[in-house]
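Working notes, beginning with the structure itself.
Keep in mind that what you see is a predicted model, and the values were worked out from it rather than measured.
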Amino acid sequence: NPMWMRDRLRYEPREVLLAGHFPHLPRLLAALLGSADGDAAPFPPHGAVTLQSDDEGQTWRETWRSALICRKFNDNYKLWKVNIVSAITF
């Protein structure tokens, strides 16, 4: 249930980075954006989403997103930027 994390982020004055796994991050994204599970833009697999709140965490808006950055190497896809794998930053 992502609601406990949504509630924990209210009134948080610091910038926060959350890292996790599917299906938890898509559910948290939907909860923070105030939408049902399927209503928000899908969370990018192996990607990152940045949210911002202007009212102390009561409402959130998406400000940036990135999908996994890969490069092809000998017919295999390798991670190019591993520091953006499945994270939500605030």
Side-chain angles (χ1 to χ4, degrees):
N1 184 348
M3 298 308 176
W4 74 270
M5 182 57 75
R6 181 201 62 192
D7 294 342
R8 172 62 182 89
L9 291 170
R10 288 197 175 134
Y11 309 111
E12 176 58 62
R14 300 169 293 177
E15 291 186 7
V16 178
L17 180 132
L18 301 174
H21 301 280
F22 278 69
H24 307 297
L25 287 179
R27 290 179 184 157
L28 178 58
L29 178 62
L32 291 171
L33 295 177
S35 61
D37 273 339
D39 292 346
F43 197 95
H46 308 287
V49 175
T50 301
L51 303 178
Q52 183 174 345
S53 176
D54 297 321
D55 56 6
E56 298 183 323
Q58 298 298 315
T59 59
W60 296 90
R61 63 184 166 84
E62 185 176 318
T63 58
W64 179 84
R65 72 172 38 224
S66 177
L68 175 68
I69 299 172
C70 293
R71 63 184 167 101
K72 194 170 182 180
F73 181 75
N74 293 336
D75 295 324
N76 294 315
Y77 287 93
K78 303 290 183 182
L79 293 179
W80 187 29
K81 295 260 185 183
V82 294
N83 60 330
I84 62 165
V85 175
S86 296
I88 298 178
T89 60
F90 302 90

* Could you walk me through whether Arg10 and Gln58 pass the side chain to side chain contact (heavy atoms under 4.5 Å, CB included) check? -> CA-CA 6 Å; Arg10 288 197 175 134; Gln58 298 298 315; 3.5 Å; yes
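- Contact record, Arg27 with Pro2: O-CG, 3.6 Å, taken as the closest heavy-atom pair.
- Arg6 and Leu28 get closest at one heavy-atom pair: N-CD1, 4.2 Å.
- The side chain to side chain contact (heavy atoms under 4.5 Å, CB included) test with Arg61 is passed by exactly one of Leu32, Asp54, Thr50: Asp54.
- A pairwise comparison of heavy atoms in Phe43 and Pro26 identifies CB-CG, 3.7 Å as the closest pair.
- Hydrophobic cluster membership is shared by Trp4 and Val16, with clusters built from Ile, Leu, Val, Met, Phe, Trp and Tyr side chains linked at under 4.5 angstrom.
- Closest heavy-atom contact between Leu18 and Met5: CD1-CG, 4.0 Å.
- The side chain to side chain contact (heavy atoms under 4.5 Å, CB included) test with Val49 singles out one residue from Leu25, Leu33, Leu29, and that residue is Leu29.
- The distance from the CG atom of Leu9 to the CD atom of Glu56 is 13.0 Å, given to the nearest 0.5 Å.
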